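Dumping the structure here so I can ask a few things about it.
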2 protein chains.
Amino acid sequence: MRSIMTKRSTKDRILDASEALFARDGSSGASLRAITQRAKVNLAAVHYHFGSKDYLLEAVLARRLLPLNAERIRSLEAYQQKAGRKKVRLENVIEAMVGPALRLSRDETKGGRIFMRLLGRLVLEPDARVQKLLTGQFETVLKKFEPALTAALPHLEPQDFFWRLHFLVGSMAHTMADSERIRLISGGICDPDDTEGTIQCLVTFLCGGLRAK
Amino acid sequence: MRSIMTKRSTKDRILDASEALFARDGSSGASLRAITQRAKVNLAAVHYHFGSKDYLLEAVLARRLLPLNAERIRSLEAYQQKAGRKKVRLENVIEAMVGPALRLSRDETKGGRIFMRLLGRLVLEPDARVQKLLTGQFETVLKKFEPALTAALPHLEPQDFFWRLHFLVGSMAHTMADSERIRLISGGICDPDDTEGTIQCLVTFLCGGLRAK
DNA sequence: GCATAATTCAAACAAACGTTTGAACCAATT
DNA sequence: AATTGGTTCAAACGTTTGTTTGAATTATGC
């Protein structure tokens, strides 16, 4: 089996269906019955493979988030190596931060905007377990990026530094999570499917904001 | 009645409790039983006064959103009047856009961060009725702001213009909705309770980003 | 103070929820 | 061929859900 007609496993089918329905209906709005029906899987399979609905949500997150953050760090290290003993340009640091995330958010074979919409929703969900998982992930990334960022922005006071980092996260999250509204509001002028164009546009905006005044 | 010991009406008590629980648990996670219990009101009162859970959510939104957008437009018009026949500075246009929203998000007597958290959650909820209400509100505001914005950013091509507007919304929404994480991540350096400081910091960042390149 | 309307109340409704159970199935090992 | 361990299945568990009902209560107009 699984040679050419690669039939996805029960676990994967549940993860895919959960990702889609958690994103569309929220973590409490999506029912296990709807999920298992979409996955063409028995209702009890969720508890057999994941233990509970909460653990299922955790698994959905971990599947995408761990590779994403690994890729961010890998990308930053590549820029650092290319820069040698010089410091990395701000544009490159920001690209390493938002590029992988935006590429993931546009890669439909890896959840794409579906997962990003879910992520956007969960950021504001005060469920303790989810919050711990998310902020833990973010702090891991921040730890790696902070030296390069402060080096590229030497004149920025700590207070402004963190605030602007906060604004950065907002722009990035909003762009990842909500990719169709921009098309609507711009009257079709902006194309969120042009991933690299979007990234470049976002990086320019963010660097302008970070360097301001 | 209602002279000094101003006892809030059943309707208002329901709205307040709904706002809090919709924000904390999501629009499907918050149950009418939890809401009516918090409001110290009979379960059937929701259907008597609002018709259904969906209409209740609409009422919760309308109560804050209509005055907010009116205030934004009022503020922009005040800057326009002060500028006379000269064009309004970008900083002032942006302040008129994000200032009222951030002040509302910090005004606990008017829902404050509770309402903003709810708003942040609903932006990503694809429920048709909610989406129509939200984008309708935003377009009303955008119609009023677009001339002043393009005048203040004459060198920006339409595509960049709309993208950066999109990024602006993201930063603003994230700052309004999630006011405690910044304190945590900055290690206490940033104080989201300093509303005017936050606004100024955000305006600086956004103007830098909008003017970039 | 009576009649009429507006509001509140406890109780019940069917439907949907997450979770559990125990038997059935299937692929491999002995 | 029998046995084992992992997996799937239909059915049921007890709660909780949004909503409805009809009577009780309170406020309003005359």
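Keep in mind that what you see is a predicted model, and the values were worked out from it rather than measured. Lettering of chains follows the sequences in order, A, B, ..., and the numbering in each one begins at 1.
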task: From the options dT8(D), dT19(C), dT19(D), select the nucleotide whose nearest atom is closest to the side chain of Leu43(A).
output: dT19(C)
Pairing of Asp16(B) and Arg63(B) as salt bridge, 4.0 angstrom limit: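 So Asp16(B) pairs with Arg63(B) through a salt bridge.
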message: What is the distance, to the nearest angstrom, from the CD1 atom on Ile35(B) to the C1' atom on dT17(D)?
response: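 It works out to 12 Å between those atoms.
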message: Could you tell me how far apart Leu32(A) (CG) and dG18(C) (P) are, to the nearest whole angstrom?
response: 4 Å
task: Using whole Å, report how far CZ of Phe50(B) lies from P of dT8(C).
output: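 For the pair Phe50(B) CZ and dT8(C) P, the rounded distance is 11 Å.
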Under 4.0 angstrom between Ser31(B) side-chain N/O and dT17(D) OP1 or OP2: yes
statement: Nearest-nucleotide check on DNA chain D, Tyr48(A) vs Arg33(A); residue mapping nearer the 5' end is Tyr48(A)
- prompt: When the aromatic ring centroids of Phe167(A) and Phe205(B) are compared, is their separation below 6.0 Å?
  reply: yes
message: Rounding to an integer number of Å, can you tell me how far Tyr55(B) OH sits from dG18(D) C1'?
response: 15 Å
- prompt: After noting the C-alpha distance and the side-chain angles of Arg181(B) and Gln131(A), does the key distance pass the side chain to side chain donor-acceptor pair (under 3.5 Å) rule?
  reply: CA-CA 10 Å; Arg181(B) 181 166 310 187; Gln131(A) 280 315 305; 2.5 Å; yes
- request: Have a look at Ala34(B) and say if it touches a base, only the backbone sugar-phosphate, or nothing, with a 4.0 Å heavy-atom cut-off.
  value: nothing
query: How would you list, by chain and number, every residue that makes a side chain to side chain donor-acceptor pair (under 3.5 Å) with Gln81(A), sequence neighbours excluded?
result: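 None.
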- request: Please identify each residue that fulfils salt bridge (Lys or Arg N to Asp or Glu O under 4.0 Å) with Arg117(B), with sequence neighbours left out.
  value: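 Listed in chain order: nothing, the list is empty.
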query: Would you say dG6(D) has OP1 or OP2 under 4.0 Å from some side-chain N or O of His49(A)?
result: no
- prompt: Taking atom types as modelled, is there a side-chain donor on Thr109(B) or Asp107(B) under 3.5 Å from an acceptor on the other?
  reply: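 There is such a pair between these side chains.
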Please tabulate the protein-to-nucleotide N/O contacts below 3.5 Å involving nucleotides 21-23 of chain D, giving atom names and distances.
none

- prompt: salt bridge (Lys or Arg N to Asp or Glu O under 4.0 Å): which pairs involve residues 195-207 of chain B, sequence neighbours left out?
  reply: Arg103(B)-Glu196(B)
- prompt: DNA chain C in dot-bracket, Watson-Crick or G-U pairs under 3.5 Å, [ ] crossing, | other strand?
  reply: ||.|||||||||.||||||||||.||||||
query: Of the options Leu134(A), Leu104(A), Ile114(A), which is the one that meets Leu119(A) in a side-chain contact (heavy atoms from CB on, under 4.5 Å)?
result: Leu134(A)
- request: To the nearest Å, give me how far apart CZ (Arg8(A)) and P (dT7(D)) are.
  value: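 Rounded to whole Å, this separation is 17 Å.
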- request: Would you mind reading off the distance between Gln37(B) atom CD and dC9(C) atom C1', rounded to a whole angstrom?
  value: 15 Å
task: In whole angstrom, give the distance that lies between atom CG of Leu56(B) and atom P of dT17(D).
output: 15 Å
query: So which nucleotide from dT8(C), dT8(D), dT19(C) ends up closest to the side chain of Thr10(A)?
result: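 From the listed options, dT8(D) comes nearest.
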Which residues share a ring-ring contact (aromatic ring centres under 6.0 Å, His included) with His166(A), sequence neighbours left out: Trp163(A), His174(B)
field: Between C1' of dC9(C) and NE2 of His47(B), the distance in whole Å
entry: 15 Å
